[in-house]
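Structure record follows, encoded as structure tokens.
We name chains A, B, ... by the order of the sequence lines, and we start the count at 1 in each one. Quick caveat: nothing in here was measured; it's all calculated off a predicted structure.
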There are 2 protein chains.
Amino acid sequence: MIRLTYHIETAGDPERLAAKIASDQSTGTFVALPGETPELKARVAARVVGYRELPPVGEAAWPDGRAAGATYRAAEADIDFPLEAIGTDLAALMTIAVGGASAIKGFSGFRVTGLRLPPAFAGAYPGPQFGVAGTRRLTGVHGRPVIGSIVKPALGLRPHETAALVRELVEADVDFIKDDEKLMSPRYSPLADRVAAIMPIVRDHEQKTGKKVMYAFNISSDDPDEMVRNHDIVADAGGNAAVICINAVGFGGLKFLRKRARLALHAHRAGWDAMTRHPSLGLDFSVYQQFWRLLGIDQFQINGIRVKYWEPDDSFVRSFQAVTTPLFSPADCPMPVVGSGQWGGQAPDTYAQTGRTTDLLYLCGGGVVSHPGGPAAGVKAVRQAWDATVAGVPLEAYAREHEELAQSLQTFGASDAAA
Amino acid sequence: MIRLTYHIETAGDPERLAAKIASDQSTGTFVALPGETPELKARVAARVVGYRELPPVGEAAWPDGRAAGATYRAAEADIDFPLEAIGTDLAALMTIAVGGASAIKGFSGFRVTGLRLPPAFAGAYPGPQFGVAGTRRLTGVHGRPVIGSIVKPALGLRPHETAALVRELVEADVDFIKDDEKLMSPRYSPLADRVAAIMPIVRDHEQKTGKKVMYAFNISSDDPDEMVRNHDIVADAGGNAAVICINAVGFGGLKFLRKRARLALHAHRAGWDAMTRHPSLGLDFSVYQQFWRLLGIDQFQINGIRVKYWEPDDSFVRSFQAVTTPLFSPADCPMPVVGSGQWGGQAPDTYAQTGRTTDLLYLCGGGVVSHPGGPAAGVKAVRQAWDATVAGVPLEAYAREHEELAQSLQTFGASDAAA
């Protein structure tokens, strides 16, 4: 059985709508069929197996023209779909149990809030190739978060300009660097030229210091063939990671790539916000992330505490829990990537609220680059913040003997404004 | 230039948010860069080129915790992105100009309402291989809508059971039949077995009558390699069409398939409703459809008048206009597929509201199968409805001399309930 949980809001009867989802999305039909025996139905029919009425809500999430003051009934329904009816293809699962149901009339709100897959999916999908352990092995970072940074501005730098910034970051002793998710392979910065400009810096640094910085090149393309060509350019130049804009390449793009992948795949979920910002519409991250993990994501960007883009802290914390909870085995967990406005000041809250783990990639843009002492001081400050956090020492106290952290607190501390 | 139009709602200043979209999604950066010359910015910076304030709205589309009675400013902004900044990759366009912008803080509502692409995209994408002319050529139907039907129940029939229903429909003289979008290749009905059971019926009918019914097999899969294998099974058996669940296979799946396609590609947009049902959130179909047309869709399902699933008639009419408006040339228009609860009774309104054209595939499920005289009478009734409509004769008048239409009016007419 594949179990879906739906949040339903309606001016009508939510229990009737739950039954309609189960019927429409499986054996529902407009005509009594001679061949439609009870046995046939039993084989593939979805069934409502749980139903919990919730307090009514005062507004329609999907406007429905009713006057202000109307109320809407809300409920949560669990529906079991036989594995036999769907199979293990994620395109079928998405079409039947997620996307298709959003077309039903009568909802004033509808959100997919839960998904529990049977073990057959474990056998059908590769999952992460590298995940947490592989990311640690490739970066050589153990016992603390992997510290990353991003090359900005997002668009416009030519490869040699990007490379100059990369050199600064590499020399700042950062563990991980990534292309912006918006930079793929435009004419002013073709991926091949960017790789040619950047990888010698990474390789030279490795030769000199023994430390190989992980650089995630954005290889995303609407064309799976092109994405694999991009992948090979990076891998052949000695690179070990790639940014994938998962929503834009789609299931097909990622599935095709993963079969042929030698690089750690770093997921950026641009566009996800539109699917989840309304709490009564769209789908929960806990559902969404399962698809991409099965398809093979190694590192998953999930925002952080007090981010500069939209997301409440409690939503981030739930996302962190989601990606660090095994679907079938610990090996199917990607490395959580915590970013957006991070500078180290959020380390104590991040650590406290995510189960006191350092198994994360902590991505600081301005928090590293805009440090008054320069990027090297920025990286030191972030490490100091995590050292203090793990040791249970308040940042302010630790900063008394750690100048870089003191400078970060002064520069970014008032507003968490490492924008 | 690539021009995007955004609908913005906010408790703050929509003009400031428009400027923020342009900045964040192009050259925005957290640090003043030595290399960031005005020349560099000019090359890739997005710019707000149009701004129209709209009447304020009384509710936050994305709940923001403000008290009832608060108002929100609304505006429409046009933003030009230089082609140089994005290139012609649709994954980049989606990430930069559609998805990414939905993460910005401060929106109470945000919807992408317009997209105008420069001619460079015409050269970069194949567009439909068959479209309207190819669908007419393959079905041999001219001067009237192509009349289609769907095999139901959606799930559970084994190949021989499906084939028995297909035989009935083929003998009913329908022009087009399709698998349900939810039926891909589950264990009880593997695609290869379905093709083996159905194609002999199609081929035999062609031998006997000279008429080849177009059967669109659902070849969707999360795996592009598998989808191409499925495609080849259908094509090698003499099939000429395939259903693709576009949201589930993603840009990557469709792009990969289209390069290798010999079949007409019939798009089902399951999941689209969640992106568009709220008028202040998500994106307009007019934007969405451009991506899939460029990628090569030949037939596009867009609901119809008085449908059984969610969609107001005016929204359907706008969708019809969208898919029948050339992006760059008439050849890039797919065949509109009008369906959901259709039985012929909606023909007059469909014809009147979509520019008096018969260039459409008119898809009737129950309207054909549940006709009291059987599927053959159902197909006749639908053709009669369209004949009457094009002749300008009211259906009731035409029905006086056309028994099948009279029966349809009696059976389905009261409620349009060809469910």
Find the one option among [options] whose heavy-atom pairs under 4.5 Å with chain A are most numerous.
options                       : value
B/W310, B/F251, B/W62         : B/W62
B/L90, B/L83, B/D180, B/D223  : B/D223
B/Q25, B/E181, B/M275, B/M94  : B/Q25
B/S220, B/A92, B/G250, B/G282 : B/A92
B/P279, B/P63, B/G58          : B/P63

Heavy atoms only: give me the nearest [X]-[Y] pair and the separation to one decimal.
X      : Y      : answer
A/S221 : B/A91  : C-CB, 3.7 Å
B/S26  : A/A154 : O-CB, 3.5 Å
B/D222 : A/K255 : OD1-NZ, 3.2 Å
A/R277 : B/A103 : NH1-C, 3.9 Å
A/P186 : B/A85  : CB-O, 4.0 Å
A/A274 : B/S102 : N-OG, 3.4 Å

Examine whether an atom of [X] lies under 4.5 Å from a heavy atom of chain A, and if so say whether it belongs to the side chain, the backbone or both; otherwise answer neither.
X      : value
B/E226 : neither
B/L281 : side chain
B/A97  : neither
B/F81  : neither
B/D89  : both

How long is the span from the CG atom in B/L183 to the OG1 atom in A/T95, to the nearest 0.5 Å? 11.5 Å

For the atom pair CE (B/M184) and CG (A/L93), what is the distance rounded to the nearest 0.5 Å? 9.5 Å

Give a yes or no on whether a salt bridge exists between B/D225 and A/K259, defined as a side-chain N under 4.0 angstrom from a carboxylate O. yes

Do the side chains of B/D24 and A/K182 get close enough for a salt bridge, i.e. N-O under 4.0 angstrom? no

CA sep, side-chain torsions, deciding dist, call: A/I96, B/L155, side-chain contact (heavy atoms from CB on, under 4.5 Å): CA-CA 10 Å; A/I96 295 171; B/L155 300 185; 4.1 Å; yes

Under the ring-ring contact (aromatic ring centres under 6.0 Å, His included) rule, collect the residues that match up with B/F110, sequence neighbours excluded. B/Y6, B/F107

Who are the ring-ring contact (aromatic ring centres under 6.0 Å, His included) partners of B/F121, not counting sequence neighbours?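 In terms of ring-ring contact (aromatic ring centres under 6.0 Å, His included), with neighbours along the sequence ignored, B/F121 is linked to no residue.
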
Apply the test side-chain contact (heavy atoms from CB on, under 4.5 Å) to residues B/V44 and A/Y188: give CA-CA distance (whole Å), side-chain angles for both, the deciding distance (0.1 Å), then the verdict. CA-CA 9 Å; B/V44 297; A/Y188 67 85; 3.8 Å; yes

Do side-chain atoms of [X] reach the backbone of [Y] as a donor and acceptor pair under 3.5 angstrom?
X      : Y      : result
B/R43  : A/G156 : yes
A/K105 : B/V307 : yes
A/R187 : B/I86  : no

By a 4.5 Å heavy-atom criterion (distance strictly below it), what part of A/A101 contacts chain B: side chain, backbone, both, or neither?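 For A/A101, neither part sits under 4.5 Å from chain B.
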
